Number of protein chains: 2
Amino acid sequence: MQPSVLVVEDEQAQREILAYNLAAEGFRVIEAADGTEALLLIEEETLDLILLDWMLPGTSGIEVCRQIKAKPAFRTIPVIMISARSEEVDKVRGLETGADDYIVKPYSVIELLARVKAQLRRSRPGSVGVRLVYEEIVLDAETHKVFRGRNELKLGPTEFRLLTTFMEKPGRVWSREQLLDRVWGRDIYIDTRTVDVHIGRLRKVLGHHGEVDLIRTVRGAGYALG
Amino acid sequence: MQPSVLVVEDEQAQREILAYNLAAEGFRVIEAADGTEALLLIEEETLDLILLDWMLPGTSGIEVCRQIKAKPAFRTIPVIMISARSEEVDKVRGLETGADDYIVKPYSVIELLARVKAQLRRSRPGSVGVRLVYEEIVLDAETHKVFRGRNELKLGPTEFRLLTTFMEKPGRVWSREQLLDRVWGRDIYIDTRTVDVHIGRLRKVLGHHGEVDLIRTVRGAGYALG
DNA sequence: CACCTTTGTTACATTTATGTCATGAAATCT
DNA sequence: AGATTTCATGACATAAATGTAACAAAGGTG
């Protein structure tokens, strides 16, 4: 569950520094050198946060921010503006671009990362508080509790996410690759066979009281619930 | 009957955060971006409380407050002022604007909601709950006293707010980040592991007489009550 | 000022979860 | 059937997450 951060900065050196530090902190970093590229990437990628330089060639940072905030689909993505001088902060604020935070050059990497994390913390209130039901299995995302009939099941984090995925679309067949992407996270290199092991573990817990196996193995394709 | 709260704040992001949290708590939220708009809405809407930012473009928050308090028809509506720095509190107080309470940024959501409820309780007795109960634990928000069965527990401020958060939604799993936001306050950068320590402290007090541990650790996710 | 409380961080111990591998079973193909 | 591929599962070393004691800084109180 690596958050994706888009870095929009025209100066290559600056951009690389940002990218390096963010990557070191475990973020997936996507880079854009100007506003046009940024706006394209916003559509294509699934972003969790945008770091936006105030000064950009062509479409200015402010304009990019305004356009992002104008689209309902992307309005909720936090935008942190980076401006060159402290005096400009007031201008930016005054212009009401809708940025979620501002940071002024020169900034410390620590400060930047802290703000990035603060924004992510705020915008990701965890998975949606839903209750998934399939046959006699009930999964409550808010309390993280899982029941089969009357029995509460004790699942490890990975098995919990695995089951959540299955229950979001009962019957759908997921390939091992898809499950790795969704349950483990993208850009992670893990043997696809590992999925088998976790499926086994999930089966063990689900059938702990001798119930029928609800997970279906689809030979050559993957697994499905029911 | 849902109490109506008017939020007067020029920064859209801030305003939305306030609106979101108040709405989540069951309030009807009305928003205004400046003093003029606020004064209009006060006439039009039937308000139960006003949250007023000190810094506003045009008519300042102080001026808005003064005008509200000058009209006999609206004088009884509680006004909570929000100011950016603690030093300003004194100014605000000194100016005797007639505000009913003050809150300083950065504030925790818990604190804000507590104050809102406290004001509403004063003006509309009986409309806001003050006492949280979960199993044999009783938390009285007004007196700040906590009991487990017959024993009164002595909690530090942080542990008290932690427990309050948990008791508002028993069973719900809170991530460390969410707890930091809610219990410690936004715009504060603290190591997430610190949450663990405070959970430990809270557990110690709650189980001081050898009772079962009511706080559940959810690996990879956070903590929950029950 | 001395004293006490609260707080955040750190370091280390402990628990729990994870990924890989080896082996054998089951399905599929020739 | 025999060969081949695909899957299930127990074991195990490692990694990751959590619990907790100790400590120092900050703040409050008398």
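What you are looking at is a predicted structure, and each value in this text was computed from that prediction instead of being measured. In the text below, chain A, chain B and the rest are named by the order of the sequence lines, each starting its count at 1.
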Trainee: Please determine, for the side chain of A/Asp191, which listed nucleotide (C/dT20, C/dA17, C/dG19) has the closest atom?
Mentor: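 The answer is C/dT20.
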
Trainee: What's the CZ-C1' distance between B/Phe160 and C/dT7, to the nearest Å?
Mentor: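 From B/Phe160 CZ to C/dT7 C1': 18 Å.
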
Trainee: How long is the line joining CG of A/Leu202 and P of C/dG19, in whole Å?
Mentor: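 So the two atoms are 14 Å apart, to the nearest Å.
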
Trainee: State, yes or no, whether a side-chain contact exists between A/Val218 and A/Arg216 at a heavy-atom distance under 4.5 Å.
Mentor: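 Yes; the side chains approach each other to less than 4.5 Å.
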
Trainee: Distance criterion of 3.5 Å, no angle test: do you see the side chain of A/Arg201 paired donor-to-acceptor with the base of C/dG19?
Mentor: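 In this structure, the two groups form a donor-acceptor pair.
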
Trainee: Is a side-chain donor or acceptor of B/Arg203 paired with a backbone partner of B/Asp213 at a separation under 3.5 angstrom?
Mentor: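 No.
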
Trainee: For B/Glu159 and C/dT6, give me the distance from atom CD to atom P, rounded to whole Å.
Mentor: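 Taking atom P of C/dT6 as the reference, CD of B/Glu159 is at 8 Å.
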
Trainee: From the options D/dA17, C/dG19, C/dG8, select the nucleotide whose nearest atom is closest to the side chain of B/Arg176.
Mentor: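 Among D/dA17, C/dG19, C/dG8, the one nearest the side chain of B/Arg176 is D/dA17.
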
Trainee: May I ask you to decide whether A/Glu159 forms a salt bridge with A/Arg201, counting only side-chain N to carboxylate O separations under 4.0 Å?
Mentor: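 So A/Glu159 does not pair with A/Arg201 through a salt bridge.
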
Trainee: Nearest whole angstrom, please: distance from the C1' of D/dA22 to the NZ of B/Lys204.
Mentor: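 Whole-Å distance recorded here is 11 Å.
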
Trainee: Does some side-chain heavy atom of A/Ile137 sit less than 4.5 Å from a side-chain heavy atom of A/Leu214?
Mentor: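 Yes; the side chains approach each other to less than 4.5 Å.
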
Trainee: How many whole angstroms separate atom CG of B/Leu180 from atom C1' of C/dT9?
Mentor: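 So the CG-C1' distance, B/Leu180 to C/dT9, works out to 13 Å.
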
Trainee: Taking the side chain as every heavy atom from C-beta outward, state whether A/Phe147 and A/Asp140 have any pair of such atoms under 4.5 Å apart.
Mentor: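 Not touching, per the 4.5 Å side-chain cut-off.
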
Trainee: Quick one: does A/Leu163's side chain get under 4.5 Å of A/Leu153's, heavy atoms only?
Mentor: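 They are not in side-chain contact.
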
Trainee: For C/dT9, take OP1 and OP2 only and decide whether either is under 4.0 Å from a side-chain N or O of B/Thr194.
Mentor: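 For C/dT9, OP1 or OP2 has a side-chain N or O of B/Thr194 closer than 4.0 Å.
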
Trainee: Taking A/Ser4's backbone N and O only, do any of them form a donor-acceptor pair with A/Asp48's side chain (distance below 3.5 Å, no angle check)?
Mentor: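 Yes.
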
Trainee: Starting at CD1 of B/Ile199 and ending at P of D/dG19, how long is that distance when rounded to a whole Å?
Mentor: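 To the nearest whole Å, that distance equals 8 Å.
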
Trainee: With nearest nucleotide decided by heavy atoms, which residue, B/Val197 or B/Leu155, maps closer to the 5′ end of DNA chain C?
Mentor: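 Its nearest nucleotide lies further toward 5', so the answer is B/Leu155.
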
Trainee: Under 4.0 Å: is that the gap between some side-chain N or O of A/Arg193 and OP1 or OP2 of D/dA8?
Mentor: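 It does not, given that no N or O in the side chain of A/Arg193 lies less than 4.0 Å from OP1 or OP2 of D/dA8.
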
Trainee: At less than 4.0 Å, is any side-chain N or O atom of B/Trp184 found next to OP1 or OP2 of C/dT7? Yes or no.
Mentor: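 For C/dT7, OP1/OP2 do not have a side-chain N/O of B/Trp184 under 4.0 Å.
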
Trainee: Could you tell me the separation between the NZ atom of B/Lys154 and the P atom of C/dC4, rounded to a whole number of Å?
Mentor: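 Distance check: B/Lys154 NZ to C/dC4 P gives 13 Å.
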
Trainee: For the CZ atom of B/Arg176 and the CG atom of B/Asp191, what is their distance to the nearest 0.5 Å?
Mentor: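 Going from CZ on B/Arg176 over to CG on B/Asp191, the span is 10.0 Å.
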
Trainee: Atom NE2 of A/His144 and atom P of C/dA17: how far apart are they, to the nearest Å?
Mentor: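 Checked: the NE2 to P distance equals 14 Å.
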
Trainee: Any idea which of C/dG8, C/dT6, C/dG19 is nearest the B/His198 side chain?
Mentor: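 Side chain of B/His198 sits closest to C/dG8.
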
Trainee: Counting only non-hydrogen atoms, which of residues 208-226 of chain B are less than 4.0 Å from DNA chain C?
Mentor: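 DNA chain C contact set from residues 208-226 of chain B: B/Arg219.
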
Trainee: Of all the nucleotides listed (D/dA21, C/dT9, C/dT20), which has the minimum atom distance to the side chain of B/Ile190?
Mentor: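 Within the option list, the nearest is C/dT9.
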
Trainee: Taking the side chain of B/Arg203 as its heavy atoms from C-beta onward, which of D/dA21, D/dG19, D/dG10 lies nearest to it?
Mentor: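 Nearest listed nucleotide: D/dG19.
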
